[in-house]
Protein chains: 2
Amino acid sequence: MASIQDVAQLAQVSTATASRALSRPDMVASTTRERVLSAARELGYQPNVIARSLRQGETRTIGVIVTDILNPFHAQLAKGIQDAADRHGYTAFLFNSDEDPAKERRAIDTLRGHLPQGLIIVPTSGARENLQALSGVPIVELDRMSGTPGVTTVTADNSGGATAATRHLISLGHTRIGMIVGQQDISTATQRHDAYRAALKAAGLTYDPALVLPGNHREDDGHRAALRLLTLPEHRRPTALFIGNNEMTVGAVLAARALNLRIPEDLSIVGFDDSRWAQTMNPPLTVVAQPTYDLGTCATEQLIAQLRHPRDGPPQHHQLSTTLIVRHSTSPPHTPAPAHSH
Amino acid sequence: MASIQDVAQLAQVSTATASRALSRPDMVASTTRERVLSAARELGYQPNVIARSLRQGETRTIGVIVTDILNPFHAQLAKGIQDAADRHGYTAFLFNSDEDPAKERRAIDTLRGHLPQGLIIVPTSGARENLQALSGVPIVELDRMSGTPGVTTVTADNSGGATAATRHLISLGHTRIGMIVGQQDISTATQRHDAYRAALKAAGLTYDPALVLPGNHREDDGHRAALRLLTLPEHRRPTALFIGNNEMTVGAVLAARALNLRIPEDLSIVGFDDSRWAQTMNPPLTVVAQPTYDLGTCATEQLIAQLRHPRDGPPQHHQLSTTLIVRHSTSPPHTPAPAHSH
DNA sequence: CATCTCAATGTAATCGTTTGCAACCGGGTT
DNA sequence: AACCCGGTTGCAAACGATTACATTGAGATG
């Protein structure tokens with residue numbers, strides 16, 4: 001691999017001038033500049049980022065840690081981040097924590113050695129502790145908030161989305177609305193849960209804890225939880241489910257199918273986060289859509305702005321709006337044969 | 001960030017001993033070693049990978065370029081690669097070419113500056129040219145083969161899969177089997193196409209070029225192609241479709257639905273590559289499944305083996321087997337009302 | 001014509017590590 | 001007592017870029 005020494009030698013100048021010709025064109029005479037540039041071209045010279053980073057103390061690299069790259073939601077976040085970073089001349093280093101604090105810790109340590117100039121992270125429940133190892137590096141938390149002090153956050157309007165979802169079900173006439181909620185220590189889960197509860201209350205419906213089950217964000221958690229909710233005795237079984245994340249929604253839909261419940265006739269379902277799957281499943285799923293790709297780009301823009309002009313002020317919190325997309329998995333509840341006239 | 005100098009100073013040794021204590025424990029007296037290690041621990045020392053790479057000329061980094069991280073197939077490849085790389089102490093640098101040779105070129109250039117020790121790539125049609133910039137770096141082509149000389153390849157058994165898919169449809173009694181095939185210059189597309197053709201021939205069926213349409217691997221290509229095939233006059237319309245990749249299959253299914261064709265009664269469909277979507281769509285899709293994650297890990301193992309023991313022999317070609325999974329999107333053709341008695 | 005100025009270039013230090021080589025030391029051998 | 005040996009350690013040179021500072025030379029100024 002050609003080094004700048006080779007370029008300098010071929011162009012008959014010192015490495016200093018060669019370097020300047022390439023990165024500070026106006027500091028060198030035009031004739032020499034040409035000589036250097038053509039030498040570089042001839043040798044296929046590509047600057048050694050490693051050496052440059054070492055000298056300059058800046059790597060033009062940002063770290064990215066998501067919890068599950070196989071989840072299309074995260075894949076899309078990652079793509080938004082990478083595209084935006086690329087536009088600004090930064091390289092994004094992508095890691096996976098698999099929702100496991102220990103893996104997150106390892107990712108952070110590996111990252112640290114690479115001297116990232118900033119970090120965008122979808123935090124696990126251990127993030128608050130793990131992130132202490134990275135003091136001095138600007139951090140943007142994406143999608144969730146771990147409560148780490150001083151970090152900028154970029155999230156979706158979870159409350160608004162959950163409120164809209166719950167109101168939608170209420171307006172259709174549902175009174176027994178179940179919810180499958182994510183981990184208690186993940187901000188998105190609690191926000192959605194709180195909003196659901198508030199919306200019920202605002203409509204004068206009672207909040208029934210028996211209709212709310214926790215899950216660990218994965219498909220089988222959704223499956224298990226849905227199975228329990230949907231096998232309650234007929235008069236207590238929820239006629240609608242609001243499910244707190246995309247993966248669990250898949251599990252819940254499959255559980256409903258396994259029980260031979262028709263959607264939406266026997267059970268209305270609203271999921272959180274739109275996806276290819278939600279659009280093409282049968283029937284198409286009513287969901288709260290998030291601006292996923294934009295969440296990624298927004299986080300990146302924020303981070304890079306911060307790298308350019310280091311802030312002192314309090315950390316910022318950006319919230320992108322969500323949209324309820326009504327498809328065909330929701331309808332008025334099917335009133336059971338023996339009319340229940342109050 | 002604490003450097004090795006700080007550690008050395010705190011432990012009252014030279015940087016040389018500090019370095020050795022950390023990376024060549026047996027070269028230093030146990031008491032000094034302890035002193036250094038505890039100093040390192042106390043300072044939270046994390047070696048600067050950049051400086052180390054510069055000195056050693058090896059970065060313990062491998063580049064990864066896939067064509068579309070949003071495609072679950074590629075996301076899974078990426079995960080397989082990252083997990084395996086991690087196990088061997090390598091860091092994977094992930095890039096996206098978006099199926100665009102120019103972007104692939106840029107990714108390679110960026111990568112080059114980071115001095116990756118090897119590259120795993122799902123090549124675009126321009127790869128053969130683009131890869132010349134990386135001479136000297138071991139390369140493994142994954143999923144597809146660009147024809148670049150000297151590179152190791154790790155692919156799925158496309159021929160076997162396509163053969164099984166076609167035979168399955170034939171054995172059900174279909175005689176007009178259409179195919180939507182990927183780009184001509186991508187090896188997976190041509191292999192699947194050739195096998196399909198051969199299987200038809202072996203069964204004594206004629207290959208009808210009008211039933212074979214090309215697509216660019218994306219959903220809307222599949223949609224468009226399927227629309228054209230399925231609106232052929234009744235007696236020429238295919239009763240079954242074999243579709244050459246996962247994204248296009250989505251488009252084709254949606255096209256069939258738009259035309260109110262029932263699957264499998266009016267149209268049998270076999271897709272290539274399994275997915276969550278294929279399993280949960282209605283009806284569940286018959287597919288040729290690929291060992292996606294394993295393709296990723298296999299590629300990584302191959303690459304790392306090569307880094308350890310540089311080869312001179314001819315490049316190796318590994319092929320992982322595929323499996324036909326029969327679900328409910330395929331059935332015998334529905335004989336039209338006016339019996340077509342031979 | 002001496003001096004000053006400024007643009008263009010070169011010299012060499014620097015970033016944090018690793019590592020070849022030399023130095024040192026204590027103990028065994030001759 | 002001189003020598004050697006092997007285990008520890010330190011000194012200093014790399015790696016490839018950038019950049020503070022020194023140098024050069026040509027043209028402008030007095």
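Numbered from 1 within each chain, the chains take letters A, B, ... in sequence-line order.
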**Fill in**
Within residues 109-118 of chain B, those residues having any heavy atom closer than 4.0 Å to DNA chain D are none
**Request:** Run through B/Val140, B/Val154, B/Ile120, B/Leu142 and flag the one making a side-chain contact (heavy atoms from CB on, under 4.5 Å) with B/Thr300.
**Result:** B/Ile120
**Prompt:** Quick one: do A/Arg106 and B/Asp86 make a salt bridge, cutoff under 4.0 Å?
**Reply:** yes
**Request:** Considering only NZ, NE, NH1 and NH2 on the basic side and carboxylate oxygens on the acidic side, decide whether B/Glu99 and B/Arg144 come within less than 4.0 Å.
**Result:** yes
**Request:** Tell me what B/Ala29 touches on the nucleic acid: a base, only sugar-phosphate, or nothing, going by heavy atoms under 4.0 Å.
**Result:** sugar-phosphate
**Distance test, side-chain N/O of A/Ser14 to OP1/OP2 of C/dG10, below 4.0 Å** = yes
**Item:** Sugar-phosphate only, base, or nothing, as touched by B/Ser53 at under 4.0 Å among non-hydrogen atoms
**Value:** nothing
**Message:** Once you apply a heavy-atom cut-off of 4.0 Å, does A/Arg24 come out as touching a base, just sugar-phosphate, or nothing?
**Reply:** sugar-phosphate
**Request:** Examine the base of C/dT14 for any acceptor or donor lying under 3.5 Å from a partner atom in the side chain of A/Arg55, and report the outcome as yes or no.
**Result:** yes
**Prompt:** Can you check whether B/Gln56 has a side-chain N or O nearer than 4.0 Å to OP1 or OP2 of C/dT19?
**Reply:** yes
**OP1 or OP2 of C/dT18 under 4.0 Å from side-chain N/O of B/Ser19** = yes
**Single hit among A/Ile121, A/Asp109, A/Thr148, A/Ile108 for side-chain contact (heavy atoms from CB on, under 4.5 Å) with A/Leu134** = A/Ile108
**Message:** With a 4.0 Å limit, can you tell me whether A/Thr15 has a side-chain N or O closer than that to the phosphate oxygens OP1/OP2 of C/dG10?
**Reply:** no
**Asked** Looking only at heavy atoms, which two atoms of A/Ala133 and A/Arg112 are closest? And how far apart?
**Response** O-CD, 3.3 Å
**Request:** Return the 5'-most residue of the pair A/Ala18, B/Ile50 with respect to DNA chain C, ranking by each residue's nearest nucleotide.
**Result:** A/Ala18
**Prompt:** Would you say D/dG16 has OP1 or OP2 under 4.0 Å from some side-chain N or O of A/Tyr45?
**Reply:** no
**Prompt:** If you draw a 6.0 Å radius around CD in A/Glu129, do more than 12 non-hydrogen atoms from other residues or ligands fall strictly inside?
**Reply:** no
